[in-house]
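First comes the structure, then the notes that go with it.
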Amino acid sequence: MEHGSYQDQSASTFSLADEDHTLANSLRFTLNQDPRVALCGYSIPHPSEARVNIRVQTTGDPANEVLKDSCQDLMLICQHVRSTFDQAVVDFKNNNGAENQ
Amino acid sequence: MPKIPLWDLPELPKNQLPPHLYLQKTRVFCNNDAPTHTENIHYSGAYAALGVDNSLRLDEFRKNFKVKVIKLNEEDMEFDLIGIDASIANAFRRILISELPTMAIEKVLVANSSSVVQDEVLAQRLGLVPIKVDPRLFDYMSENDVPNQKNSIVFKLHYKCDRGSGERRTVYSHDLKWLPFGSEYVLPTESSSDSTSKPKTYTSFTSSQDSLPEFANNPITVTPGIIISKLGPGQEIELEAHAVKGVGKTHAKWSPVATSWYRMLPEVILLQDIEDDDAHKLVKKCPVNVFDIEDVGRERATVARPRSCTLCRECIREPGWEEKVALRRVKDHFIFTIESTGALPPEVLFTEAVKILEDKCERVITELS
């Protein structure tokens with residue numbers, strides 16, 4: 001759910017249901033690393049409600065485009081972590097197999 | 001420090017931070033009184049005034065990111081994640097603990113329990129027993145679902161302590177017997193209606209679970225050796241335990257890890273040469289034996305095992321030592337540990353955790369477009 005104005009799309013608050021620090025903090029990291037972002041932050045309005053608000057203010061680009069790109073970045077990071085990790089595990093197993101023989 | 005005029009300072013290479021700022025950005029300083037520079041600098045324009053770009057470029061990340069496996073067996077795993085931000089490493093840790101599904105006992109049907117352990121305590125103890133089965137083979141059971149072979153696992157526990165024996169008997173988790181055909185208890189309302197058709201039980205399995213290829217020669221078991229109850233002479237426990245799929249944030253019994261944690265790599269730097277008596281003093285100071293002495297004409301202290309440093313700061317406690325030894329932590333080097341409970345091997349747990357974070361991003365992307 002997005003809260004923003006039609007006149008100025010460069011600043012918006014995104015309210016994500018069923019999410020917590022896990023996603024919001026990672027997204028805040030990738031958002032802050034994007035040069036188009038002027039300010040971003042997140043808050044959890046109430047601890048017993050599963051919801052985070054992510055605030056994005058940009059230098060001009062539409063905020064939802066920037067957030068989408070940040071999600072994409074985070075996904076690419078995850079994919080790279082996964083492939084590197086799998087390779088490291090395979091290497092470790094191969095090396096240990098060789099040592100045991 | 002002597003004052004140096006600005007025009008006498010050496011030229012810095014483009015797009016590179018001056019050494020002291022680089023150190024503050026990448027290291028936590030563990031000083032005698034308190035740690036400093038503990039924050040991570042995320043903002044892309046943080047160093048814009050210096051002409052240094054702090055934004056994330058994926059090709060840079062791909063070049064620098066490394067994984068090194070230190071230890072791996074069926075239960076535990078230790079590995080290094082190098083070149084990643086704490087927020088993402090923490091996301092993996094949080095997902096491992098609270099969002100990866102496993103199977104755990106949720107309903108216990110007690111037919112008879114005369115042991116001193118109350119039924120609710122018994123049920124709680126059963127719930128915490130880890131079940132060794134791949135949760136990816138099962139579906140979640142939602143509120144309106146009936147328990148079937150795709151979303152439930154049924155175990156039976158029947159244990160009796162004979163009156164004549166005069167001994168106490170211990171009931172262990174491995175006394176739970178898997179029932180691939182589902183519940184054997186007949187629903188009370190159905191029992192009298194008609195005797196010709198098969199009586200309806202608490203579960204409605206349409207086929208046996210051991211006919212599935214995954215379980216054909218591989219019966220579902222639980223972690224053995226966990227004490228569930230103790231029975232005195234003449235006492236008996238007879239019950240059925242129904243396990244369903246769930247996640248750790250609902251209840252810790254569904255958490256696939258005993259725990260999972262990370263620590264940043266400790267870095268121990270000797271700022272000056274520490275020789276002879278001082279070297280021996282330093283080796284003695286350290287309770288985890290980080291330092292060694294090498295013989296180079298004189299005896300000189302070396303940092304032999306920085307990884308085992310707990311940053312207890314004992315070596316810099318006495319006055320004068322803070323100038324000799326620097327204790328730091330590397331902000332983007334995580335020593336990650338996963339202790340699995342046995343449902344899945346730890347390396348699979350981690351890849352599943354990363355997949356969940358990917359799914360979360362995908363959900364947001366589809367919601368926005």
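Letters go in sequence order (proteins before strands), and every chain restarts at 1. These numbers come from the heavy atoms of this one structure, side chains and all, not from hydrogens, waters or symmetry mates.
- Interface remark: A:A38 contributes backbone atoms only to the contact with chain B (heavy atom separation under 4.5 Å).
- Ring-plane geometry between B:F61 and A:H80 is classed as perpendicular, the angle between the planes exceeding 60 degrees on a 0 to 90 degree scale with a lower cut at 30.
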Test ring-ring contact (aromatic ring centres under 6.0 Å, His included) on B:F79 and A:F85 and set out the steps.
CA-CA 9 Å; B:F79 58 96; A:F85 178 83; 5.0 Å; yes
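- Proximity to chain A (any heavy atom under 4.5 Å) is restricted, for B:L58, to the side chain, taken from C-beta onward.
- A heavy-atom distance below 4.5 Å is not found between the side chains of A:Q72 and B:C361.
- For A:Q79, the parts sitting under 4.5 Å from any heavy atom of chain B are the backbone and the side chain alike.
- At a threshold of 4.5 Å between non-hydrogen side-chain atoms, the residues A:Q87 and B:V67 do not count as touching.
- In this structure, the portion of A:D34 lying under 4.5 Å from any heavy atom of chain B is its backbone and not its side chain.
- Here the closest heavy-atom approach between residue A:V81 and residue B:F350 is recorded as CG1-CE2, 4.0 Å.
- In this structure, chain B has no heavy atom under 4.5 Å from any part of A:D69.
- For B:K249 and A:D20, the salt-bridge test fails: no basic side-chain N is under 4.0 Å from an acidic carboxylate O.
- Contacts of B:E99 with chain A are made by side-chain atoms alone, with heavy-atom separations under 4.5 Å and no backbone atom involved.
- Among A:I77, A:V37, A:L31, the residue with the largest count of heavy-atom pairs under 4.5 Å with chain B is A:I77.
- Counting heavy-atom neighbours within 6.0 Å of B:K25 NZ, excluding the residue itself, gives a total above 12.
- Side chain of A:Q33 to backbone of B:Y43: no donor-acceptor contact under 3.5 angstrom is found.
- Neither the backbone nor the side chain of B:S98 has a heavy atom closer than 4.5 Å to any heavy atom of chain A.
- Neither the backbone nor the side chain of B:R93 comes within contact range of chain A; no heavy atom of the residue lies under 4.5 Å from a heavy atom of that chain.
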